[in-house]
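Note sheet for the following structure.
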Amino acid sequence: MGYLKSTPNTEGFFGEYGGADLPPPLVPHFKEITDAYLRLSKSADFIAELRYIRKHFQGRPTPVSHLKNLSDLCGGAQIYAKREDLNHTGAHKLNHCMAEGLLAKYMGKKKLMAETGAGQHGVALATAAAYFGLECEIHMGEIDIAKEAPNVTRMKLLGATVVPVGFGGRSLKEAVDSCFQSYVSQADTALFAIGSVVGPHPFPRMVRDFQHVIGVEAREQFLEMTGELPDMVAACVGGGSNAMGLFSGFIEDKDVALYGVEPLGTSSKLGEHAATITYGEDGDIHGFRTIVLKDAEGNPAPVHTVASGLDYPGVGPEHAHLHRTGRVTYTAASDTEALDAFYKLSRHEGIIPALESAHAVAFAIREAKAHPGKSILINLSGRGDKDIDYVTETYGFGE
Ligand SMILES: *Cc1c(COP(=O)(O)O)cnc(C)c1O
């Protein structure tokens, strides 16, 4: 059996990572979601409707672009980008949100709910809810609400209710806790649509499968463009959904080296980065086993990165597994490297990348010189319009 069919196992374990450690009242609801997903992922109607949505609403397939100017500038490997920035709403997240919305519709649910950090997942889910005529409830920390006002406006325009979360650090981790609490009392009629390849089973597998389209398209497009497979494939890793989407297309191609790029923030000191696999240890977070950044008491540590979408002290269990098996190499790029990549891609290619995606661009810039004659395919997970005010007000326009 191939890797994707056999991993995770039926309990949701990727090797020793993953699983579902749930409060008892939620156990039957997660079973219901698992059963529905397993049934619908084999249903011709479900698959046909999802294909239709991807083509006629999202604008897929997104292209692969040869970044010729950037390759010339770096001197070495040829750099290519899978353009998820051209997906509707400007990032890869809509791939799993539309599928989760479709799942909710087939399950007869009335509402989609989720946490959001910077608001990107909230906007993508609110878009799906509007498309399917479902209600939408988004939990967001008060600090993030103040920082990400345009995304709050977008969610409200799309018809979502934004629930401010005012306890603890008032950010992403508390938003997850708050959303779980609210979900317990309405799980009969609502679907909790987790925003990455994280959370209890079946979400890490389901979200990977919904993002698999990135890798399938990219493999075919790259072969058509160059006649070969890429030598190196890289993506930024927050929770890890855009990376799993791209990697899953190449996971059986043993000659293709896969790289996950974590945010190194301002330094390797705890609290100043969010490079979970690079510096973390085995642990539990939000109902699953994975690698976690922990503080002195063993609780999830505070994290920092210039890219708020990568701001999570855990990581999807499949990444922990692929790190353990050695199939994927994990490395990190700092805020400074990501900003340099942000300016370079804008100036030399005419593409303003999301700060998250800029971490993958930074990896390509760093590695290109050392790999002449090779090819590097990166995932451009999203566009950077959301980041331009922050970047230019804080750091200027680059040299
Ligand atoms: C949310 C986000 C990410 C990080 O999420 P993953 O699950 O790690 O992919 C990366 N890029 C963009 C543009 C995002 O919005």
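Hydrogens, waters and symmetry mates play no part in the numbers below; they use all other heavy atoms, side chains included. Note that ligands are numbered from 1 as they come in the structure, with each ligand's atoms numbered from 1 the same way.
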Fill in: Location of contacts on Leu310 toward ligand 1, heavy atoms closer than 4.0 Å
side chain
Worksheet entry | Polar atom proximity, Ala243 to ligand 1 (N or O, under 3.5 Å) | no
Response to the item:
Closest heavy-atom pair, Leu38 versus Ser41, reported as atoms and distance to 0.1 Å, is O-OG, 3.2 Å
Fill in: Closest protein heavy atom to atom 11 (N) of ligand 1, given as residue, atom name and distance to 0.1 Å
Ser381 OG, 2.7 Å
Fill in: Side chains of Gln186 and Ser182, donor plus acceptor under 3.5 Å
yes
Discussion item. Using a 4.0 Å cut-off to any heavy atom of Cys236, which atoms of ligand 1 qualify?
Written reply: 10 (C)
Worksheet item: Between His121 and Thr116, what is the shortest heavy-atom contact and its length?
Response: N-OG1, 3.6 Å
Fill in: Val237, any N or O under 3.5 Å of ligand 1 N or O
no
Discussion item. Looking at Ile277, is its backbone amide N or carbonyl O close enough to the side chain of Glu262 to form a donor-acceptor pair, meaning the two atoms are under 3.5 Å apart?
Written reply: yes
Discussion item. If the cut-off is 4.0 Å to any non-hydrogen atom of Gly240, which atoms of ligand 1 fall inside it?
Written reply: 6 (P), 7 (O), 8 (O)
Practice prompt. Measure centre to centre between the rings of Phe180 and Phe192, then say whether the value is under 6.0 Å.
Written response: yes
Worksheet item: Does Leu355 offer a backbone N or O that forms a donor-acceptor pair with the side chain of Asp387 under 3.5 Å?
Response: yes
Discussion item. Looking at every non-hydrogen atom in both residues, tell me the closest pair between Lys294 and Ala301 and how far apart they are.
Written reply: C-CB, 3.7 Å
Practice prompt. Return yes or no for this condition: an N or O of Ser196 is under 3.5 Å from an N or O of ligand 1.
Written response: yes
Discussion item. I need the atoms of ligand 1 closer than 4.0 Å to a non-hydrogen atom of Gly238, numbered in the order shown.
Written reply: 8 (O)
Worksheet entry | Sub-4.0 Å atoms of ligand 1 with respect to non-hydrogen atoms of Gly382 | 13 (C)
Worksheet entry | Protein residue, atom and distance nearest to atom 4 (C) of ligand 1, heavy-atom basis | Gly309 O, 3.4 Å
Worksheet item: Counting heavy atoms only, which part of His92 comes closer than 4.0 Å to ligand 1: side chain, backbone, both or neither?
Response: side chain
Discussion item. Could you tell me if Thr62 and Lys82 have a donor-acceptor pair between their side chains, going purely by distance under 3.5 Å?
Written reply: yes
Discussion item. If the cut-off is 4.0 Å to any non-hydrogen atom of Gln120, which atoms of ligand 1 fall inside it?
Written reply: 15 (O)
Worksheet item: Heavy-atom contacts under 4.0 Å between Ser241 and ligand 1: side chain, backbone, both, or neither?
Response: both
Worksheet item: Does the N or O separation between Glu356 and ligand 1 drop below 3.5 Å for any pair?
Response: no
Discussion item. Treating Glu349 as the side-chain partner and Leu70 as the backbone partner, does any N or O pair qualify as donor plus acceptor under 3.5 Å?
Written reply: yes
Worksheet item: Can you list the atoms of ligand 1 that are under 4.0 Å from a heavy atom of Ala354?
Response: 13 (C)
Worksheet item: Which residue supplies the protein heavy atom nearest to atom 3 (C) of ligand 1, what is that atom called, and how far is it?
Response: Lys93 NZ, 3.6 Å
Worksheet item: Checking ring pair (Phe, Tyr, Trp, His ring centres under 6.0 Å) for the pair Phe247/Tyr3: CA distance, chi angles, key distance, verdict?
Response: CA-CA 12 Å; Phe247 294 171; Tyr3 171 86; over 10 Å; no
